[in-house]
Number of protein chains: 2
Amino acid sequence: MAEVSSPPPGFELPLLLFAGFRSLIDELHAELAERGHPDVRPVHGFALQAIGPYGTSASEIGRRLGVSKQAAGKTVDRLAGLGYVERADDPADARRKLIRLTPRGIDVLTQSAEIFDHLRARWVATLGAERVAEVESSLRTVVPETAFPVDVPGWFG
Amino acid sequence: MAEVSSPPPGFELPLLLFAGFRSLIDELHAELAERGHPDVRPVHGFALQAIGPYGTSASEIGRRLGVSKQAAGKTVDRLAGLGYVERADDPADARRKLIRLTPRGIDVLTQSAEIFDHLRARWVATLGAERVAEVESSLRTVVPETAFPVDVPGWFG
DNA sequence: ACGGTTCCGACAACCACGTTGACGAGTTTA
DNA sequence: TAAACTCGTCAACGTGGTTGTCGGAACCGT
């Protein structure tokens, strides 16, 4: 019944989770900057993921990200300005503009995957494969399916 | 030498960490809303924490949060508008305005601590005390001291 | 085949949150 | 005392959201 030693206060858990997330993202972007992608921001990664290898419409990106089509359109504008995506007319539907990843956009995604693997390997080197796997499996257990971070942008404010 | 089963791709780790963080914060704010604090946003919590029980100046809040004093001033404006903080003249220094938590501000902090404890207890009920403690200790090990999320606001964009 | 509904992308106005730069007023320091 | 610094505020701006509106294109039911 009695706790042997008092558990840590509950507010540490979210702080630790965020710190872990943040350190990974910070290192990712530091590394991306060194590899020729200094201008891509954390939010952009989610948008690029939402586009996918075959391209989609801006409205669809908005739906996947959980934001309005207007917001998605603005994000596409900026990504286009940075050279990560391009707009093309959709031959099948004159209303739509197909948003596609440029080679540069594909590159940043490829490199990101590589860097994330590298960062996870660093955690394994520090904690051991088992403990990393257990963190992952614990989180998978406790995180509701719905909470998966599709709709990240603007969630904070 | 060979991996018995291939490890999960590295990009899952940050996603899981963020999903865990986010689910906790979402539940916190859902609960806070029910307890009479529907307008407080995730970012505000960090600012209220930065103020502390005795109050400080806006510039100091900015320093603690890693943002400009102007940005801190705006945040204080909003928190004051919501009734969580108040400005008072500092008798010792006519330049400074002392930002202090109102009773309502103290209440939201007290309730947050309580809710976080409750949420952690739910994780314990699902995963067991040991696994939760191990997640915490693993993260403490792997997170650099410097990455502790003091300077959260605006970090994303 | 045509007319209503729905969807697309764009424009405008607005809000939240961050940034720099400048400034007057007050405090500290040399 | 004069110079240097700090505080808070104002202004302008950038970015990432929101809602509302709108014309044009596609779909669907009669």
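Below, chains carry the letters A, B, ... as their sequence lines are ordered, and counting in each starts from 1. These numbers come from a predicted model, not from an experiment.
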Sugar-phosphate only, base, or nothing, as touched by B:Ala71 at under 4.0 Å among non-hydrogen atoms: base
Closest heavy-atom pair and its distance - B:Phe116, A:Pro14: CE2-CG, 3.5 Å
Short side-chain N/O contact to D:dT18 OP1/OP2 from A:Ser68, under 4.0 Å: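 Result: yes.
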If we only count heavy atoms from C-beta on, is the [X] to [Y] side-chain gap below 4.5 Å?
{"X": "A:His37", "Y": "A:Tyr84", "answer": "yes"}
{"X": "A:Arg140", "Y": "B:Leu16", "answer": "yes"}
{"X": "B:Arg131", "Y": "A:Ser137", "answer": "yes"}

Along DNA chain C (nearest heavy atom to each residue), the more 5'-positioned of B:Ala94 and B:Arg78: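 So the residue in question is B:Arg78.
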Can you name the atoms? Protein N/O to nucleotides 7-10 of chain C N/O, anything below 3.5 Å, with the distance.
{"unit_1": "C:dC7", "atom_1": "O2", "unit_2": "A:Arg95", "atom_2": "NH1", "d": "2.7"}
{"unit_1": "C:dC8", "atom_1": "OP1", "unit_2": "A:Arg63", "atom_2": "NH2", "d": "3.1"}
{"unit_1": "C:dC8", "atom_1": "OP2", "unit_2": "A:Arg63", "atom_2": "NH2", "d": "3.3"}
{"unit_1": "C:dG9", "atom_1": "OP1", "unit_2": "A:Lys97", "atom_2": "N", "d": "2.8"}
{"unit_1": "C:dG9", "atom_1": "OP1", "unit_2": "A:Lys97", "atom_2": "O", "d": "3.2"}
{"unit_1": "C:dG9", "atom_1": "OP2", "unit_2": "A:Ser59", "atom_2": "N", "d": "3.1"}
{"unit_1": "C:dG9", "atom_1": "OP2", "unit_2": "A:Ser59", "atom_2": "OG", "d": "3.0"}
{"unit_1": "C:dG9", "atom_1": "N7", "unit_2": "A:Lys69", "atom_2": "NZ", "d": "3.0"}
{"unit_1": "C:dG9", "atom_1": "O6", "unit_2": "A:Lys69", "atom_2": "NZ", "d": "2.7"}
{"unit_1": "C:dA10", "atom_1": "OP1", "unit_2": "A:Lys97", "atom_2": "NZ", "d": "3.1"}
{"unit_1": "C:dA10", "atom_1": "OP2", "unit_2": "A:Arg87", "atom_2": "NH1", "d": "3.3"}
{"unit_1": "C:dA10", "atom_1": "N6", "unit_2": "A:Gln70", "atom_2": "NE2", "d": "3.4"}

Nucleotide of D:dT18, C:dC17, C:dG18 approaching B:Val67 most closely (side-chain heavy atoms):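 When the side chain of B:Val67 is considered, C:dG18 is the closest of D:dT18, C:dC17, C:dG18.
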Distance in angstrom units between A:Lys74 NZ and D:dT19 P, rounded: 12 Å
Value in whole Å for how far the P atom of D:dT15 lies from NE2 of A:His44: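 Rounded to whole Å, this separation is 9 Å.
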Lys/Arg-Asp/Glu bridge criterion (N-O < 4.0 Å) met for B:Glu60, B:Arg63: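 Yes, B:Glu60 and B:Arg63 are salt-bridged.
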For A:Arg120, the option from A:Glu114, A:Glu136, A:Glu27 that meets salt bridge (charged side-chain N to carboxylate O under 4.0 Å, His left out): A:Glu136
